[in-house]
Amino acid sequence: MQDNGNRVELLKKMLLSRTFDEKVNDLYAEGKVHGTAHFYVGQESVAIGAIAALREGDVITSTHRGHGHAIAFGLDVDRMAAELLGQATGYCHGKGGSMHIADVRAGMLGANGIVGGSMGIACGAGWAFKHRGQDHAVLCFFGEGAANEGIFHESLNLAAIWKLPVVFLCENNQYGMSMSVKKATAVENISDRATAYGMPGVTVSGAELDEVHDAAAEALERARAGEGPTLLEAITYRYLGHSKSDANLYRTREEIAMWRKRDPIQRFAVKLEEEGLLKEEEWRTLEEQSKRRIEEAFEKAQNQPDPKPESALEDVYA
Amino acid sequence: MQDNGNRVELLKKMLLSRTFDEKVNDLYAEGKVHGTAHFYVGQESVAIGAIAALREGDVITSTHRGHGHAIAFGLDVDRMAAELLGQATGYCHGKGGSMHIADVRAGMLGANGIVGGSMGIACGAGWAFKHRGQDHAVLCFFGEGAANEGIFHESLNLAAIWKLPVVFLCENNQYGMSMSVKKATAVENISDRATAYGMPGVTVSGAELDEVHDAAAEALERARAGEGPTLLEAITYRYLGHSKSDANLYRTREEIAMWRKRDPIQRFAVKLEEEGLLKEEEWRTLEEQSKRRIEEAFEKAQNQPDPKPESALEDVYA
Amino acid sequence: MPSSASREITYREAVREAMVGAMRNDPEVFLMGEDVGVYGGAFGVSRGMVEEFGEDRVVDTPISEAGYVGLCTGAALMGMRPIAELQFSDFITHCMDQLVNQAAKIRYMFGGEGSVPMVVRTPGGAGTGAAAQHSQSLEAWFVHVPGLKVVMPSTPYDAKGLLLSAIDDQNTVLFYEHKLLYNRKEEVPDEPYRVPIGEARVSREGEDVTIATAGLMHHYALEAADALSGKGVEAEVVDLRTLSPMDHGSIARSVEKTGRLVVVEEDVKTAGWGAEVISRIVEGESFYALDRAPARVAAADVPIPYNRSLETYIRPTPEKVVDAVQSLLDARVGVYA
Amino acid sequence: MPSSASREITYREAVREAMVGAMRNDPEVFLMGEDVGVYGGAFGVSRGMVEEFGEDRVVDTPISEAGYVGLCTGAALMGMRPIAELQFSDFITHCMDQLVNQAAKIRYMFGGEGSVPMVVRTPGGAGTGAAAQHSQSLEAWFVHVPGLKVVMPSTPYDAKGLLLSAIDDQNTVLFYEHKLLYNRKEEVPDEPYRVPIGEARVSREGEDVTIATAGLMHHYALEAADALSGKGVEAEVVDLRTLSPMDHGSIARSVEKTGRLVVVEEDVKTAGWGAEVISRIVEGESFYALDRAPARVAAADVPIPYNRSLETYIRPTPEKVVDAVQSLLDARVGVYA
Ligand SMILES: Cc1ncc(C[n+]2csc(CCOP(=O)(O)OP(=O)(O)O)c2C)c(N)n1
Ligand SMILES: Cc1ncc(C[n+]2csc(CCOP(=O)(O)OP(=O)(O)O)c2C)c(N)n1
Ligand SMILES: [Mg+2]
Ligand SMILES: [Mg+2]
């Protein structure tokens, strides 16, 4: 469990993540961003809770829905905003966009536009730690939809037989793009699949930051101790459409409203108030700070020069 | 359970399968066959037991180790022998060889040179039965090594959610090419993986034809009744090397000897004697008949003309 | 063109109309893919179809491209007529074994005893800011695989007619759509009709240079041809429509007339299908008809970048086609666009 | 060639020697693949290695090509130097996403901040009676993917030197071996040395025709050249050695001299890498140096059949190369072999 200062920081990070994605959603609506993006709104407690359990030297792999993972891992919202606007100062110098934000040196091994695409990569990072004798761990995010890709199966099996220090964290937000997990699988929980690899499977409420944190901490500890991987599942929900073109035909307003009532940020804020770590009036300040930070990031980003066209021909080979 | 006449037929089929593969093994040793082949020797009770539980209209998919499946399904050893010798009268008119023997019209949807390669195809056959309202079933053979391919995972999940009439029959012969199942997975039984798809998982002794038969019959019944797929595992062993180039470095002579002692054909023969269906002296006759049948098949095959070279350019498109 | 009634519809609607027509006609035709049901597909192509045909024939799949393309392969082997949709053509990397080692080869490996009449529809191409994993044009891979056919219609009319032909075809056909074509409109007959697979079309006549192309690039070529016309250069434009089997005869006939060849393709230049077009032309008698080195206008040999101006920089554009034709005429060799 | 001691070893041993040398030198290099340990690999290439390096560095994998190539991609991104072996190059269909959407693009998508120094070794090619799913030559696919390098050595000397370069390389390199080359012997230095990636080699000089080739086909080309020499035709043979990046400059220089070009490749003709060779030559000034239509000798556009005589019928052979060169010289266009 984090110390007190830390806990407010976690709340701030959740707010920052939400504000970032709401801002990007607006920019899309205004036609100011190119391409597409997938929003993490509603799921913040998962990334922020789990990543709080990492130690120096641990790494993560992310997904197409990666802004929250990046912010949780400590990436700079200025450079994230710049990347979304395609600027040379962005994390990928404008070449990657939303789906490829990465900071390999820092240990954020990349968002990934391919569903399940980073699961093999996560095993490779675990392999490197193991073979270098480092007691670091890998936290691999993926959606419940990705759990039906072959690479899920192969990766979990490899991690299991070689006891790689990887925690597979399934964010079960109930849907792929439109297909519900109930139709797409015949199991109660994705974590039931852990049996197939002889590894522990754990399901927690993703809306409870502390639950996610604690389960992740335990799984990461096992990983670092050489006891192998864990399949951890956090039950969560995305409030917004899958991406900008989503008409939400596959779910009801009521369902969305129901989940919004259990909002993870609200819950955590209430908890902090109960714990005496946050006063009601501070809440508005935090919200405003977060908004200001994000506005500032996008303003800065907007004023940066475009990358040079010829730079498109660089960085193919090292 | 089959009627009595049938049971002796099953013994004959096992003998035919074994004799066929032993003959092919010899031909390779003499350098008389091109390419490669994988022998079913030691596993006969699995294909012959399971296939005996099929009904008219059911289909099977096979593997690289497919001679036994083909013989069990009733394919003609003359045309199989011809295919191995590359003749125009072979099942594939000399274009396929050992790894592609098929008789689609009869319902043998093909051997497959790709490990796991026919698991998707099996689902498709199940799909066709279901959507045509036919109560047929598909029996899909694969090795325990194939159970680590992504397509295993995807196929079993699809079959489960759509309740396709497919029985996935894993022939766990302990090894892939050289890697033992103990190293390649972290589960006790491959059938433990059924949990991940919400389907029944059953493990039987593959050396006992009747056990395989009964488990397959039950699973096929479920499939035909619209209750969905089953993951059935038969524990078995291959006596010969993986293919002709195998030096058997990954296992011991003792292990092979141990398994040979539980030979499925011998066991079944003894059982038939006990049941009064077979007299000791008949055994030799059956063996000889089988040898003669196979010799005859290869002799005939040898005397057939090669396919016309230009035929190599045909059959690419329908 | 059949004489029946027609109206303006989009490329998207044309594709849908072909599927709907085929499904009404034959209960063995079905559509399977990610989010093709109530969502209507990522690009809305199948919108409304599940309402008509139900979830058993317009089938949402889990995210398991290998699995469901494998399933469709098996269903086709059993005589059904599956249409599999891949949400983005980049995801075809997941089902290469099913397509290349199974669907394409089954007929041959089985000595002609069996076939796989499956259609795999998928939107390719860049220009949408979707970056490197959602913008590729990988169709050349399949042109290189015997046993597959590859179709890439550029107009609503051809989309409908070729898709109906593809569904009829006894072989596996890859049907390449383009995200930037979906909204393109044109008069299309109500009635079903077939555009034969394997036949190119001369969509513009000209004497000075042959531009061979397909898909979205066909429209860039036509734009370029208009611009060139203003400069006194008349281009003949050949829309391949089918990449495999490739109708190089139509291109050769045009080249015999013009003596010059520019290929316009959206995939990366190196080892793209344009290289095959060029090779077929220069290997034959038409080599001697060429009075200029042929040229390719293609994407640069890089992954597709996110930033819009970078993306434009590396993609073929009508302007680059104009430039390539002009340098071919002015200098002796084209630009390496 | 370095002046150190050398002895005759096989291509198989040369590949092994490069791996062993690199692994002794750098603890971050490891070999991973199906049955590479005690079995020594399907073709015996890694025989004896697990005994020296242990199971943690010569790693048997489950049959999970996507999984372990993905793992190697991640390990490489972390700075390790994985060598992944695919037992037959046909199985590359299983790990296309890892190779094409991940390994090849990571560097670019990340704006240059990261790289994937991985080698993927795999035996390609036909001629062994292994039929359609175990005999393919699919290297052209990867020549079409920016971010990958593709190497295809034809001799033990080049195999060792190119593999050492590939392991050093900061990028993902596909290293194509050939089943029919493994037993080929030649003098190879004991010492480590590098053959640079991206440089072709003129292995035989001649004035009358340029034969551009790679891999096993290089030897067929040399055989053909000898036969042609007996008929008064002197062929210059260029062994590409690396298919991507492609050293077309070396071919162009030769063509400027000979005025004729024949490409010999083992993959199926349509949209193979030979088309790229031809295109690069005819697109440039060398077009005007050609006094005959160029030609390709390649496999017929069919899957590989099992029967030995059928297989031979559809594969390139030295005789077909001789025929192609002769018809080029006699008639005005080559045979479509
Ligand atoms: C291999 C692959 N298939 C399909 C897609 C298209 N796609 C992008 S996100 C998505 C849904 C993913 O669902 P899930 O894994 O549950 O993650 P979520 O979007 O719910 O966070 C799909 C189908 C893709 N990007 N990659
Ligand atoms: C995709 C793929 N990978 C690897 C191989 C090479 N290979 C052929 S059989 C085999 C072992 C298969 O093991 P298993 O599935 O247990 O079947 P068994 O051979 O034991 O019958 C391997 C690795 C292949 N044919 N296809
Ligand atoms: Mg989800
Ligand atoms: Mg096995």
Side-chain angles (χ1 to χ4, degrees), chain B residues 59 61 83 88 90-97 99-105 107 109-132 138 140 149-159 161-162 164 166 307 311-318, chain C residues 27-30 32 55-57 59-82 84 94-95 97-98 100-118 145-149 169-173 197-198 244-245:
Chain B
V59 302
T61 65
E83 189 56 36
Y91 273 106
C92 314
H93 308 305
K95 285 189 178 130
M99 284 190 286
H100 306 297
I101 289 172
D103 188 349
V104 175
R105 234 157 311 157
L109 302 186
N112 206 309
I114 300 294
V115 168
S118 54
M119 303 190 78
I121 293 170
C123 290
W127 181 270
F129 289 150
K130 184 167 176 186
H131 285 264
R132 288 169 176 170
V138 185
C140 170
E149 285 280 15
I151 189 69
F152 163 90
H153 178 65
E154 299 188 15
S155 299
L156 268 73
N157 188 50
L158 293 182
I161 60 170
W162 293 329
L164 301 180
V166 183
S311 75
L313 303 179
E314 295 160 9
D315 300 327
V316 183
Y317 293 97
Chain C
E28 301 269 297
V29 180
F30 63 92
M32 183 172 269
E55 292 188 359
D56 287 345
R57 293 186 68 203
V59 190
D60 276 339
T61 66
I63 312 176
S64 308
E65 291 83 2
Y68 74 79
V69 172
L71 186 155
C72 288
T73 302
L77 184 60
M78 295 292 287
M80 294 192 83
R81 300 261 156 193
H94 283 66
C95 51
D97 181 64
Q98 309 302 320
V100 173
N101 286 333
Q102 313 297 339
K105 294 185 171 53
I106 277 178
R107 181 173 181 78
Y108 192 83
M109 294 187 302
F110 294 1
E113 313 283 346
S115 59
V116 182
M118 164 170 71
V145 177
L148 299 178
K149 296 186 177 180
D169 204 284
Q170 229 4 72
N171 303 286
T172 297
V173 181
I197 292 178
S244 176

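The chains referred to below are lettered A, B, ... by the order of the sequence lines, with proteins before strands, and numbering in each begins at 1.
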(message) Among C:Cys95, C:Ser115, C:Gly114, C:Pro62, which residue has the highest count of heavy-atom pairs closer than 4.5 Å to chain B?
(response) C:Pro62
(message) What I'd like to find out is whether the side chain of C:Val116 reaches to under 4.5 Å of the side chain of C:Arg107, using heavy atoms alone.
(response) no
(request) Nearest 0.5 Å please: distance from the SG atom of B:Cys123 over to the CH2 atom of B:Trp162. (result) 8.5 Å
(request) Give, as side chain, backbone, both or neither, the part of B:Leu109 having an atom under 4.5 angstrom from any heavy atom of chain C. (result) both
(message) Counting heavy-atom pairs closer than 4.5 Å to chain C, which one of B:Gly117, B:Ala318, B:Gly96 comes out on top?
(response) B:Ala318
(request) To the nearest 0.5 Å, tell me how far C:Gln102 CD sits from C:Asp97 CG. (result) 5.0 Å
(message) Taking side chain as everything from C-beta outward and backbone as N, CA, C, O, which of these in B:Tyr317 sits under 4.5 Å from a heavy atom of chain C? Side chain, backbone, both or neither.
(response) both
(message) Do B:Lys95 and C:Phe110 form a cation-pi contact, if we require the NZ or CZ to be under 6.0 Å from the six-membered ring centre and within 45 degrees of the ring's axis?
(response) no
(message) Please classify the contact of C:Phe30 with chain B as side chain, backbone, both or neither, using a heavy-atom distance under 4.5 Å.
(response) side chain
(request) Keeping the roles fixed (side chain from C:Thr73, backbone from C:Val69), state whether a donor-acceptor pair exists under 3.5 Å. (result) yes
(message) For B:His93 and B:Glu83, which I'm curious about, is there any donor-acceptor pair between the side chains at under 3.5 Å?
(response) no
(message) With a 4.5 angstrom heavy-atom cut-off, is it the side chain or the backbone of C:Thr172 that approaches chain B, or both, or neither?
(response) neither
(message) For C:Leu148, which atoms come within 4.5 Å of any heavy atom of chain B: side chain, backbone, both, or neither?
(response) backbone
(request) Name the region of C:Val59, side chain, backbone, both or neither, that has any atom closer than 4.5 Å to a heavy atom of chain B. (result) side chain
(request) Please state whether the side chain, the backbone, both or neither of C:Lys105 comes within less than 4.5 Å of a heavy atom of chain B. (result) neither
(message) Working to the nearest 0.5 angstrom, can you tell me the gap between C:Met80 CE and C:Leu71 CG?
(response) 9.5 Å
(message) Please classify the contact between C:Glu28 and chain B as side chain, backbone, both or neither, with a heavy-atom cut-off of under 4.5 Å.
(response) side chain
(request) Just give me the residue among B:His131, B:His153, B:Glu154 that pairs up with chain C most often, heavy atom to heavy atom, under 4.5 Å. (result) B:Glu154
(request) Please check if the side chain of B:Tyr91 supplies one atom and the backbone of B:Gly97 the other of a donor-acceptor pair under 3.5 Å. (result) no
(request) Report the option among C:Cys72, C:Ser64, C:Gly112 that has the most heavy-atom pairs separated by less than 4.5 Å from atoms of chain B. (result) C:Ser64
(request) Answer with side chain, backbone, both or neither: which region of C:Met118 has an atom nearer than 4.5 Å to a non-hydrogen atom of chain B? (result) neither
(request) Sort out for me which of C:Gln98, C:Met78, C:Gln170 touches chain B most, counting heavy-atom pairs under 4.5 Å. (result) C:Met78
(message) What's the separation between atom CD1 in B:Ile151 and atom OG in B:Ser118, rounded to the nearest 0.5 Å?
(response) 9.5 Å
(message) If I measure from the heavy atoms of chain C, does B:Asp103 come under 4.5 Å with its side chain, its backbone, both, or neither?
(response) neither
(message) Would you compute the distance between atom CG of B:Leu164 and atom CG of B:Leu156 and round it to the nearest 0.5 angstrom?
(response) 10.5 Å
(request) Pick one of side chain, backbone, both or neither for C:Glu113, based on which atoms fall under 4.5 Å of a heavy atom in chain B. (result) both
(message) Report which part of B:Phe129 has an atom under 4.5 Å of a heavy atom belonging to chain C: side chain, backbone, both, or neither.
(response) side chain
(request) Could you grab the distance from atom CG of C:Asp60 to atom CE of C:Met32, nearest 0.5 Å is fine? (result) 10.0 Å
(message) Are C:Pro245 and C:Lys149 packed together at the side-chain level, in the sense that at least one heavy-atom pair is separated by less than 4.5 angstrom?
(response) yes
(request) Check each atom of C:Asn101 against the heavy atoms of chain B and say whether the ones under 4.5 Å are side chain, backbone, both or neither. (result) side chain
(message) If you count heavy-atom pairs within less than 4.5 Å of chain C, which of B:Asn112, B:Val59, B:Ile161 leads?
(response) B:Asn112
